Amino acid sequence: MDILETDSRYRKSSLATMRSIIPKLLPFLISCYNYFALWLPLSEPDLFHAIIKSLPILCLGFFLVVHSLSLGSFSPYSKKILVGLMFSAAGDVCLLWTEFFLHGMVMFGLAHLMYITAFGFRPLRLHLFILLALLCATFFLFTLPYLHGPFLYMVPGYSALIGTMAWRALARVSLASYKFSWAHISAALGSLVFVVSDCFLAVDKFCFPIADSRAIVMATYYGGQMFIALSIAGSSEDDFIWKKK
């Protein structure tokens, strides 16, 4: 089979995949709209608020399950991303109540651990690790004067986890034609947007108030999780073996 013909078939397959995932994402998009349309006050958290806030992430889990079942297989990668989403949904609920904020950080820390194991440690790309480690250390030093009590060790610990998650997602990206994968691009983009969301959240909570911080945090958070979830719909590296021949 000609390489150009194979490449054309791959492009058509990618387009078909995109068309198939849009209807499965509708529950997520609708639940996101409901969250911003209702805009429930944070001063009075209750069970209804917890459901509305966590529903978009639960819908991403639904998307992941339905898409995997439609393919006839549930890959280890998809399972780890699904568990990460469930930990995230639990974290969403915890963060509604101030007394459970630390519990929420633990839940999101576990979510990042699942994403890290899903992304794996190959290739290593230590230059990315050094860059992100420096950025995380700089951010911690910036927030340090505002931290007290358990947050003195929880914030750097959490920063290390989300920084590692971003490192592993970015390390998988390759622009080489025989390794290029929209799935890897999606995971990397999701990880970066997730980091931006948490930076805004940390500064607003620990340092000083940011105008429209809640809208910024939630929009970037839902967007980041969506891109990470969409990474399960892309082709695996094995699909590109033909390009190496």
Side-chain angles (χ1 to χ4, degrees), residues 18 21-42 45-67 78 80-97 100-101 103-116 118-119 158 161-163 165-166 169-170 182-205 210-234:
M18 290 299 297
I21 66 176
I22 292 176
K24 301 168 190 173
L25 274 179
L26 284 178
F28 165 74
L29 297 175
I30 293 171
S31 60
C32 283
Y33 171 80
N34 287 338
Y35 176 83
F36 289 102
L38 292 172
W39 204 242
L40 299 172
L42 295 177
D46 54 21
L47 179 60
F48 180 67
H49 194 164
I51 293 173
I52 292 299
K53 184 183 181 185
S54 60
L55 193 57
I57 304 304
L58 296 174
C59 287
L60 285 178
F62 169 79
F63 155 76
L64 194 150
V65 171
V66 171
H67 185 76
S78 297
K80 292 170 183 175
I81 297 298
L82 177 59
V83 175
L85 288 172
M86 295 304 101
F87 278 129
S88 296
D92 286 334
V93 174
C94 291
L95 293 187
L96 281 175
W97 287 272
F100 293 116
F101 192 89
H103 299 78
M105 291 184 69
V106 171
M107 289 297 103
F108 278 109
L110 292 172
H112 293 315
L113 280 175
M114 295 310 303
Y115 293 157
I116 290 168
F119 299 150
Y158 181 83
L161 284 174
I162 194 171
M165 186 271 292
L170 290 169
W182 285 113
H184 295 173
I185 294 289
S186 183
L189 179 59
S191 71
L192 290 177
V193 177
F194 205 146
V195 169
V196 170
S197 176
D198 276 1
C199 285
F200 273 98
L201 175 62
V203 172
D204 183 69
K205 179 173 178 60
I210 299 176
D212 301 316
S213 61
R214 181 183 172 192
I216 296 171
V217 168
M218 295 310 298
T220 51
Y221 168 65
Y222 287 143
Q225 293 279 34
M226 180 191 71
F227 283 118
I228 290 174
L230 283 174
S231 69
I232 67 104

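Remember, it's a predicted structure, so these values are computed and weren't measured experimentally. FYI, side chains are in, hydrogens and waters are out, and symmetry mates aren't considered; it's all heavy atoms of this structure.
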Not counting sequence neighbours, which residues clear side-chain contact (heavy atoms from CB on, under 4.5 Å) with [X]? List them please.
X      : answer
Ser78  : Leu64, Ser68, Phe74, Ser75, Ile232
Lys24  : Ser20, Phe63, Val66, His67, Ser70
Val203 : Phe139, Phe142, Cys207, Phe208, Ile210

Tell me, which pairs form a side-chain hydrogen bond (donor to acceptor under 3.5 Å, both in side chains) where one or both residues lie in residues 46-60, sequence neighbours left out?
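Those involving residues 46-60 do not exist here.
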
Which residues satisfy the ring-ring contact (aromatic ring centres under 6.0 Å, His included) test with Tyr33, sequence neighbours excluded?
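Scan of Tyr33 (ring-ring contact (aromatic ring centres under 6.0 Å, His included), adjacent residues dropped) gives none.
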
Of all the heavy-atom pairs spanning [X] and [Y], show the shortest one and how long it is.
X      : Y      : result
Ile81  : Ala229 : CG2-CA, 4.3 Å
Ala211 : Ile216 : O-CD1, 3.9 Å
Phe62  : Pro27  : CE2-CG, 4.1 Å
Gly61  : Met86  : CA-CE, 4.2 Å
Pro45  : Trp97  : CG-NE1, 3.6 Å
Leu161 : Ile116 : O-CD1, 3.7 Å

Side chain proximity check, Leu110 to Leu113, heavy atoms < 4.5 angstrom
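Yes, side chains in contact.
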
Taking the side chain as every heavy atom from C-beta outward, state whether Phe200 and Ser213 have any atom pair closer than 4.5 Å.
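Of all side-chain heavy-atom pairs linking Ser213 with Phe200, none is under 4.5 Å.
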
Can Asn34 and Leu55 be said to form a side chain to side chain contact (heavy atoms under 4.5 Å, CB included), step by step?
CA-CA 10 Å; Asn34 287 338; Leu55 193 57; 5.7 Å; no

Side chains of residues 189-196: which donor-acceptor partners sit under 3.5 Å, not counting sequence neighbours?
| from | atom 1 | to | atom 2 | distance (Å) |
| --- | --- | --- | --- | --- |
| Ser191 | OG | Ala188 | O | 2.7 |

Once you round to the nearest 0.5 Å, how far does [atom1] of [X] lie from [atom2] of [Y]?
X      : Y      : atom1 : atom2 : result
Met105 : Cys94  : CE    : SG    : 12.0 Å
Leu95  : Leu201 : CG    : CG    : 7.0 Å
Phe119 : Ser231 : CZ    : OG    : 5.5 Å
Gln225 : Leu230 : CD    : CG    : 11.5 Å
Asp92  : Ile52  : CG    : CD1   : 12.5 Å

Does [X] have any side-chain hydrogen bond (donor to acceptor under 3.5 Å, both in side chains) partners at least two apart in sequence or in another chain, and if so, which?
X      : answer
Tyr35  : Arg214
Ser31  : none
Thr220 : Ser197

Show the numbers, then the answer: is there a side chain to side chain contact (heavy atoms under 4.5 Å, CB included) between Ser88 and Met107?
CA-CA 6 Å; Ser88 296; Met107 289 297 103; over 6 Å; no

Distance only, no hydrogens: is a donor on one side chain within 3.5 Å (strictly under) of an acceptor on the other, for Asp198 and Tyr221?
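On atom types as modelled, these side chains do not qualify, holding no pair under 3.5 Å.
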
Centroid separation under 6.0 Å, is that true for the rings of His112 and Tyr158?
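Yes: the rings meet the under 6.0 Å criterion.
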
Please lay out, stage by stage, how Tyr115 and Leu85 fare under the test side chain to side chain contact (heavy atoms under 4.5 Å, CB included).
CA-CA 9 Å; Tyr115 293 157; Leu85 288 172; 3.4 Å; yes

Determine, stepwise, if the pair Tyr222 / Ile57 fulfils side chain to side chain contact (heavy atoms under 4.5 Å, CB included).
CA-CA 7 Å; Tyr222 287 143; Ile57 304 304; 4.0 Å; yes

Enclosure of Phe101 CZ (heavy-atom neighbours >12, cutoff 6.0 Å)
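Yes - once you tally the heavy atoms of other residues, nucleotides and ligands closer than 6.0 Å, there are more than 12.
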
